Amino acid sequence: QVQLVESGGGSVQAGGSLRLSCAASGYTYSRFYMGWFRQVPGKEREGVAAIDSGGRTSYADSVKGRFTISRDNAKNTLYLQMNSLKPEDTAMYYCAADSDYRSPWSYLLPSGYDYWGQGTQVTVSS
């Protein structure tokens with residue numbers, strides 16, 4: 001059974017940093033596309049960053065230069081280093097995994113990701 005468990009969320013002031021982790025189990029993690037998504041109440045879930053099995057990454061324009069996605073296949077763990085946080089980064093953050101081929105242009109699209117974690121809240125105050 002595939003399981004994704006996020007951690008590392010919290011409250012931070014603008015300009016601060018957080019590192020999110022997503023521990024994966026129940027599947028061959030290294031072969032999967034992995035992504036971080038976020039959602040605020042009343043809005044659609046949006047892609048933040050994604051990484052494929054070969055290490056190719058994709059970022060939303062709003063986080064480029066501030067966030068870094070990485071994966072440790074030996075530890076079956078996905079990370080999101082978030083620096084220079086802004087109040088508009090406040091959201092519930094989810095990690096997701098997809099076993100099927102994805103074109104690079106679709107890495108940040110939530111549709112098609114097979115598995116999702118329960119989410120971790122990030123709150124950035126001004």
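For reference, positions follow the sequence shown, starting with 1. Being a predicted model, the structure only gives us computed values, none of them experimental.
- Side-chain contact between Q81 and S17: present, with at least one pair of heavy atoms (C-beta onward) separated by less than 4.5 Å.
- Rounding to the nearest 0.5 Å places CD of E46 at 4.5 Å from CZ of R38.
- The nearest pair of heavy atoms linking L78 to R71 is CD1-CB, 4.2 Å.
- Residues that satisfy the salt bridge (Lys or Arg N to Asp or Glu O under 4.0 Å) test with E88, not counting sequence neighbours, are absent from this structure.
- Interatomic distance, CD of Q13 versus OG of S126, reported as 9.0 Å (0.5 Å rounding).
- A donor-acceptor pair shorter than 3.5 Å can be found between the side chains of S99 and D114.
- Across every non-hydrogen atom of Y93 and E6, the tightest pair is O-OE2, 4.1 Å.
- Within the 3.5 Å criterion, the main-chain N or O of R102 finds no donor-acceptor partner in the side chain of W105.
- Here Q3 pairs with nothing under the side chain to side chain donor-acceptor pair (under 3.5 Å) rule; sequence neighbours left out.
- Here CD of Q121 is found 8.0 Å from OG of S11. Values are rounded to the nearest 0.5 Å.
- Applying the side chain to side chain donor-acceptor pair (under 3.5 Å) test to residues at least two apart or on different chains, the pairs with a partner in residues 47-59 are D52-Y107.
- Looking at residues two or more places apart in sequence or on another chain, you find a side chain to side chain contact (heavy atoms under 4.5 Å, CB included) between S70 and Y79.
- K43 is linked by a salt bridge (Lys or Arg N to Asp or Glu O under 4.0 Å) to nothing, counting only residues two or more places apart in sequence or in another chain.
- Between the S84 side chain and the R66 main chain, no donor and acceptor come within less than 3.5 Å of each other.
- Residues L109 and W36 are members of separate hydrophobic clusters, defined by side-chain heavy-atom contacts under 4.5 angstrom among Ile, Leu, Val, Met, Phe, Trp and Tyr.
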Quick one, L85 with N83, criterion side-chain contact (heavy atoms from CB on, under 4.5 Å). Give me CA distance, side-chain angles, the key distance, then yes/no. CA-CA 5 Å; L85 283 161; N83 299 327; over 6 Å; no

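- A salt bridge links D61 and K64; the closest N-O separation between the charged side-chain nitrogens and carboxylate oxygens is under 4.0 Å.
- The SG atom of C95 lies 8.0 Å from the CD atom of Q118; values are rounded to the nearest 0.5 Å.
- Shown here for A97 and M34, the closest heavy-atom pair between the two residues is CB-SD, 3.5 Å.
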Let's go through W116 and F37 carefully: what are the C-alpha distance in whole Å and the side-chain angles of both, what is the deciding distance for ring-ring contact (aromatic ring centres under 6.0 Å, His included) to 0.1 Å, and is it a yes or a no? CA-CA 10 Å; W116 292 84; F37 298 82; 5.0 Å; yes

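- The minimum heavy-atom distance between P87 and A14, with the atom names listed, is CD-CB, 4.1 Å.
- The two residues S21 and T77 have their closest heavy-atom pair at CB-CG2, 4.3 Å.
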Yes or no on side-chain contact (heavy atoms from CB on, under 4.5 Å) for Y115 and D98, after CA distance, side-chain angles and deciding distance? CA-CA 7 Å; Y115 308 102; D98 185 7; over 6 Å; no

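- For the atom pair CG of L20 and OH of Y94, the computed distance is 13.0 Å after rounding to the nearest 0.5 Å.
- By the criterion of side-chain heavy atoms lying less than 4.5 angstrom apart, applied directly or through intervening Ile, Leu, Val, Met, Phe, Trp or Tyr residues, I51 is grouped together with V2 in one hydrophobic cluster.
- A distance of 10.5 Å separates CG of N76 from CG of L4, quoted to the nearest 0.5 Å.
- When all heavy atoms of L80 and A49 are compared, the pair lying nearest together is CD1-CB, 4.1 Å.
- Under the disulfide (SG to SG under 2.5 Å) criterion, no residue pair touches residues 97-126, with sequence neighbours excluded.
- Residues Y113 and Y33 place their aromatic rings such that the two centres sit no closer than 6.0 Å.
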